[in-house]
Amino acid sequence: MSANSILGLLGCGLLSLAAAATAIRLRGLPVRVRYAVMLGAALAVFVPIGELSIAAWVRGVTGDLSTATLVLAGAACITQVTGRALIGRRDQRALCWLLVLAAAFLYPFALGWTPFDPYALGFGSVEFITALLLITLAAWGARLDLIVLVVVVAVPAFLGGAYESRNLWDTLIDPLASFYALAWLLAGVRLPNSVSLSRNSRQAD
């Protein structure tokens with residue numbers, strides 16, 4: 001098994017652990033139970049069941065996960081185990097907006113609807129690398145550490161050949177991260193509206 005495959009399996013295993021920890025609401029359990037559950041879940045995710053492990057099955061469905069997905073999944077795991085949120089709402093909102101905008105720029109045009117193919121920029125385009133550098137510097141200046149972290153992890157992983165894909169886009173973003181970002185932003189829009197409606201109804205009563 002190649003190093004790319006091992007890293008891909010580890011990433012999909014991390015995502016599976018984050019999903020399991022969130023689904024069972026691990027933070028509501030005693031600390032020792034949290035660690036025990038995560039250890040058991042890790043064994044269940046990586047130990048083969050028949051020919052494939054859960055991590056291998058997830059990888060077969062999603063492919064290798066981007067650094068954006070891995071950072072969010074890792075933060076979710078740590079939060080569920082320790083009970084401490086690693087990502088502030090401001091940081092997460094900024095990353096989610098950036099992911100949604102990047103997805104809106106990348107995926108529709110990559111389907112061939114126009115002569116312009118932004119996916120091709122990921123094969124070492126100077127313009128793309130320059131834009132990424134400027135975005136990272138702007139995020140660093142604005143103290144949006146989550147965006148900086150995603151890029152700082154993605155670029156060395158890309159240059160070091162950690163991904164089978166040789167396109168920088170695949171290292172930075174994937175459809176799963178894009179859907180999560182859109183869902184998170186929409187949930188944030190609905191929540192204030194529902195709170196406002198609830199307050200108005202109480203005042204009317």
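Computed from a predicted model, the values in this text were never measured in an experiment. Note that the numbering runs from 1 along the sequence shown for the chain.
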> Membership question, hydrophobic clusters at under 4.5 Å side-chain separation (ILVMFWY): are V37 and F46 in the same one?
yes
> Any chance you could measure R59, atom CZ, to S5, atom OG, to the nearest 0.5 Å?
4.5 Å
> Is atom CZ of F105 surrounded by more than 12 heavy atoms (other residues, nucleotides or ligands) closer than 6.0 Å?
yes
> Write down the atom of Q92, the atom of W184, and the distance for their closest heavy-atom approach.
NE2-NE1, 3.2 Å
> Only counting residues at least two apart or in another chain, list the ones meeting ring pair (Phe, Tyr, Trp, His ring centres under 6.0 Å) with Y35.
none
> Using a 3.5 Å distance criterion without hydrogens, assess whether the side chain of R34 forms a donor-acceptor pair with backbone atoms of L29.
yes
> Hydrophobic clusters here meaning ILVMFWY residues chained together by side-chain heavy-atom distances under 4.5 Å, can you tell me if V100 and Y180 are in one?
yes
> Please check if the side chain of W97 supplies one atom and the backbone of A181 the other of a donor-acceptor pair under 3.5 Å.
no
> Just verifying a value: how many Å separate L133 CG and T136 OG1, rounded to the nearest 0.5 Å?
6.5 Å
> According to a hydrophobic-cluster definition based on side-chain heavy atoms being under 4.5 Å apart (Ile, Leu, Val, Met, Phe, Trp, Tyr only), do I135 and L99 belong together?
yes
> Which pair of non-hydrogen atoms, one from G161 and one from R166, has the smallest distance, and what is that distance?
CA-NH1, 3.5 Å
> Test W169 against every option in F128, Y119, Y107, F123 by the ring-ring contact (aromatic ring centres under 6.0 Å, His included) rule and name the one that passes.
F128
> Side chains of V45 and L14: closer than 4.5 Å at any heavy-atom pair?
no
> Test of understanding: clusters of I, L, V, M, F, W, Y form through side-chain heavy atoms closer than 4.5 Å, transitively. Do F179 and L185 belong to the same one?
no
> What are the two closest non-hydrogen atoms of I54 and S16, and how far apart are they?
CG2-OG, 4.1 Å
> Tell me whether L168 is reachable from L137 by hopping between hydrophobic residues (I, L, V, M, F, W, Y) whose side-chain heavy atoms are closer than 4.5 Å.
no
> Which atom pair, heavy atoms only, marks the closest approach of S125 to L121?
CB-O, 3.0 Å
> Just distance, no hydrogens or angles: give the donor-acceptor pairs under 3.5 Å from side chains in residues 74-87, sequence neighbours left out.
residue	atom	partner	partner atom	Å
T79	OG1	A75	O	2.8
T79	OG1	R84	O	3.2
Q80	OE1	L26	N	3.2
Q80	OE1	R27	N	3.3
T82	OG1	I78	O	2.7
T82	OG1	R84	N	3.2

> Answer yes or no: is there a side-chain heavy-atom contact under 4.5 Å between S178 and I173?
yes
> Got a list of side-chain donor-acceptor pairs under 3.5 Å for residues 139-160, not counting sequence neighbours?
none

> Counting only N and O atoms by type, is there a donor-acceptor contact under 3.5 Å from the side chain of Y163 to the main-chain atoms of L65?
yes
> Have a look at T69 and tell me which of D64, D174, T62 forms a side chain to side chain donor-acceptor pair (under 3.5 Å) with it.
D174
> To the nearest 0.5 angstrom, please state how far the CD1 atom of I129 sits from the CG atom of L134.
12.0 Å
> Given side chains that start at C-beta, do those of L172 and S66 come closer than 4.5 Å, heavy atoms only?
no
